[in-house]
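Remember, predicted model here, so these are calculated numbers, not experimental data.
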Amino acid sequence: MNDQEWDVILIGAGQNNFALGTYLGLAGLKTVICESRLENGGRLFSEEITLPGYWHNTLAYFQDNREISPVWKELNWEKGHHAEFISPPVISSLLLADGRAVSHHQSLEATVESIKKFSLKDAESWRRTHNRYYSLIRNYLIPYYYQPPGIDGSLAKVLSADPAAADFKRLSALTPKQVVDELFENDAVKTLVLSQMAIPRGVGIDYQGGGVEVLKMIAGDERPELARGGSHSIAQVLQRAYVRRGGQIRAVHHVEKILVENGRAVGVRLLDGREWFARLAVVSNVDPYSTFVEMVGQEKLSGEFVEKIKAIEPDEFSYFEVHLALKAPVRYALHEVQDPSVRQAMNVNIGPEKPSDLEEMWSEIRAGAFPSHPCFHISCPTQFDPLQAPVGKHTATLFMPVPFQLKGKKAEDWIKLKNVFMETVLSQWRRYATNLTDENIQMRVALDPFYISGRWQNMRRGSVWVARKIPNQMGENRPLPELARYRTPIDRLYQVGVATHPADAVIGGSGRNAWQIIKDDLKLEIKQQRMAG
Amino acid sequence: MGKVLEYDGVVIGAGHNGMICAAYLGKSGHRIMVVEKNMEVGGGLDSHEDRNYPGFWHNIHSVFHRGLMMLPWYKDLELEKFGIHYYKPDPGVVHHFLDGSYLGWFADVGRTVASISYFSKKDAATFKEIWFRWQPVVKNIVFPETYAVPVPIEEKEPLLEKTPEGREYLKYFDTTPEHFILEHFEHPRVQAFIGFLGVMRGYELDAPKTGYLIPAMIAWGVNPQLCRGTSHALGDNLAHMLSHNGVDYIEANGVERILVEDGRARGVVLEDGTVIKARKFVASNVNPVETFIKLVGRENLDPGFAEMAANFRFSKTTPIFAVNLALNERPKYITEEKHPEVIGSFMHIVGLETYQDLRNLFEDCRTGQLPRKPFMNGATPSYHDSTQAPPGKATAFMWQLAPYHLWGNPLNWDKVRGEWFERQLAVWRQYAPNLTEDNILSKDSGTPLDIERHDRNMYCGDWMVGEYSGDQALENRPFPGWSNYRTPVEGLYLCGSSCHPGGNITGAPGYNASRIIAEDLGLDPWWKPLDFKEHLEKLR
């Protein structure tokens, strides 16, 4: 077998390349995924960061909307390749300093009941908002994620079929803060929503266009799920399916250059000098800067395009994480008395009590400070999936948004500072968690933005979404209008990944959308299930 | 929960032997599922990234691989198709001494002999002579024996008597490694070198009926090879090979119970309650105590057999305390100044000055004491494979054999971890003085207890998965009369390191077990397994 010539070379072993690569395999093509790192799966990663036997999901840990994802069905990931999920009944609980909690349940009625304790009016507003936009989101917005943007006309046109479309459009274009201010009166209820904006949704509470995230949260019925066995289990599923269809993977094969001849992508050059040729196409799953400025090279592109690439704005924040190996699961005894559903929450949020707390947090982040008004996003997955730790033991993970670089410091300085921050965070966490004693905590480890940007090199400046989720970088503009349909200025070079549409908690969306484009460009079709070997 | 799956065969444990066994049978047209408790498949083929500095990879387990590309399963399963690559540094091993001298194992035996002659001309001559004399013994007996089902000594002895290499094998068969070494070599450093090379692969100095392994090791060669992308790449490649061949595997969900009905293995139940029915066989890649006492259950076994399983012994001298470093600059050894050829060595040994040090270590490990005089073997993988550290930086490690039952309780390791780390580092520094605090970016440790925590099959941190002594070797491994991979439970087999020929990355247990399973299923194997007795009969 010739290891130098492939039909398609895919750069980066992220979920989108696995999805796309599997479609290409089903079409009978010979493909290879080149991954710079030793591990495949990109952000679908789990590791024994605390103690052996304890698996921590260090970045992505849940997904949404699987049951209506066409990718899962078409690639037979679940049944064919043994993916399993757990969907906790409570999506998130916001804990308040006075011992109360307000929770977002999978069940609308349960959420409404929870909110009633704070405001009857807001409970009704939540229900009304849910009912008004639910079918629009399910029938139009989510399917929109699984199409190249603009393919069936813009989202607005698509949405206009629904009577609630005009209001939906208006609210979507607002900031999250504006939307919650319009829909609700109670601070705790507003904060329940706003606390979900940065992590996990990737938007600031003052981002125009972030309003859609609020509507999705209230009316989307997203059904978030944890992967049984941890996030890396999903990466394994994707790998199995891809290899089964004939795909090859090469880890520690860093692509240095995309070879371009006469404006067309013809292959790659690896770091060790080897050149591999791609007869049909090259696909990049890494960030656009790496793809164009580094791998293609500025000399092959127009100056204007290069400037636009360089001007793509990353997230304003990165993640600071605290991981614990525990004997017993985290308990919030006081809050659980008031609201037993806290025990069943996939996420617990601690910190902000009112929107201005989050405004403070954003100011601090923008000023390069470690927030003294933090928003903690905490999960204890072993409560739902005991497989992630030794029998009877537990893991807990805390994520919080922080600046990539602290003011006056280099990114590398996180290494020296992180343990001090970790202790601060832990003492704040302990004001709510009633059993995080030193006896319960077997090991604690902090991960910081320097680590994230070093580990996942396409997350420059530790930017989890790579391209900030602001209107001029979303949908048909993501990350630039000329890249929104996965094609690039270089013929036969395609760009997929989180920096492209849909940029949501879906697996393989961008990859599948790119498949639809590539399929047409290269005149491919799914053949009989091609059996490997 | 409550899910039921069905396959022709189920393999418990996705260590390399389990995956190899599954692959052979999967390629025979059977639907096979491999179940793994750990998040990652590969068993001892694992590594992790430094938790402070991304881009630095630590090989936390098996690193020193030997001649994998020549092994039968590597070729049969076409592992090369999946991108694996091995580096072959030369010399393979350098044993440093404080006075700046060294002993080296080179690809060219002449250079190895020259290295020994610096210390003892007699030992050098002896070494060379053993090397020559044992070439046919290895080629015609030891290597084939490794990749075949063991034949009891009473049956093979008359066949071995008939050939010169057979007689040579028999001459040293019933002896211990220590006996062989002390009888043949006079210089304490040479004795230490050869002894440690055996010990580090799981040989016990005083284990009866294993002495012949020393001359075999000399003749077969020790030259270790490094897998590009760390050993984990081999684990991943094996997994991809499985997927490529239609063999299923799942991870993070271990087996809780083997279903036995009417004395026959019918399937397994997983930690999360999933039931996987096995129409034809279950093969266990995990140790016999786990397999029989925990998964099968005493109630399904003859009490005598159960007692035998429960008494299976794990080695006290294989567990390791690992010192892993992320560095600005690779360790620079004092030996390099006069002997620049040592720079390119794969394995480095430090701290071991004399054979008595080895004996003392054995005593310390067996009595649960911290080693009184640390000595270690390790490497600087990034020197050979630049993918394992960021450009211009380095990763390096050193392994100290240390007791699992430290002062009677493995949890004591958590208490002394940091302190012991510094102790080992201090010894290493005597040989590589540039390992200063400035040079070290990050420290990562692995205790004997961590080995067991990470890989549950390695009881007591024993990666050999069963002491390799005469009564647990060859036809006695794991128990006398049960070395043919079969078990008293019909349809249940063993295929892992607890079987012949033991631990290390050899793939032999899995390879051999698949042959037996194929035989019992009435299959004509598509590969060419050797029948050792027939092979001996044919030797002239």
Original post:
Parallel, tilted or perpendicular: which fits the ring planes of A:H232 and A:F45, with parallel below 30° and perpendicular above 60°?
Top reply: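 Ring orientation of A:H232 relative to A:F45: perpendicular.
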
**OP:** Mind telling me whether B:H244 and B:F82 have parallel, tilted or perpendicular rings, with 30° and 60° as the class edges?
**Re:** perpendicular

Quick check on the 6.0 Å ring-centre criterion: do [X] and [Y] meet it?
| X | Y | value |
| --- | --- | --- |
| B:H232 | B:W57 | no |
| B:Y24 | B:W73 | no |
| B:F56 | B:H58 | no |

Original post:
So, A:Q442 and A:Y54: side-chain donor and acceptor under 3.5 Å apart, yes or no?
Top reply: yes

Subject >> Within 6.0 Å of NZ in B:K277, more than 12 heavy atoms from elsewhere >> reply: no

Structural part of [X] lying under 4.5 Å from a heavy atom of chain A:
| X | value |
| --- | --- |
| B:E40 | both |
| B:D385 | neither |
| B:H48 | neither |
| B:S47 | side chain |
| B:L5 | side chain |
| B:N52 | both |

Original post:
How long is the span from the CG atom in B:L226 to the NZ atom in B:K88, to the nearest 0.5 Å?
Top reply: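 Interatomic distance, B:L226 CG to B:K88 NZ, rounded to 0.5 Å: 12.5 Å.
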
So which residue, [options], ends up with the most heavy-atom pairs under 4.5 Å with chain A?
| options | result |
| --- | --- |
| B:E49, B:E452, B:R456, B:M241 | B:E49 |
| B:G246, B:G55, B:A233, B:A239 | B:G246 |
| B:N237, B:T387, B:L449, B:D236 | B:T387 |

Which portion of [X] sits near chain B, non-hydrogen atoms under 4.5 angstrom:
| X | answer |
| --- | --- |
| A:I415 | side chain |
| A:D385 | neither |
| A:I452 | neither |
| A:F450 | both |

**OP:** Check whether any side-chain N or O of B:D455 sits under 3.5 Å from a backbone N or O of B:I451 as a donor-acceptor pair, and report yes or no.
**Re:**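 Judged by distance alone, no pair lies under 3.5 Å.
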
Original post:
Is there a donor-acceptor pair under 3.5 Å between the side chain of B:R51 and the backbone N or O of A:I49?
Top reply: yes

Identify which of [options] forms the greatest number of heavy-atom pairs closer than 4.5 Å to chain B.
| options | result |
| --- | --- |
| A:V32, A:L447, A:T50, A:T58 | A:T50 |
| A:E47, A:R37, A:M443, A:Q239 | A:R37 |
| A:R240, A:E39, A:H82 | A:R240 |

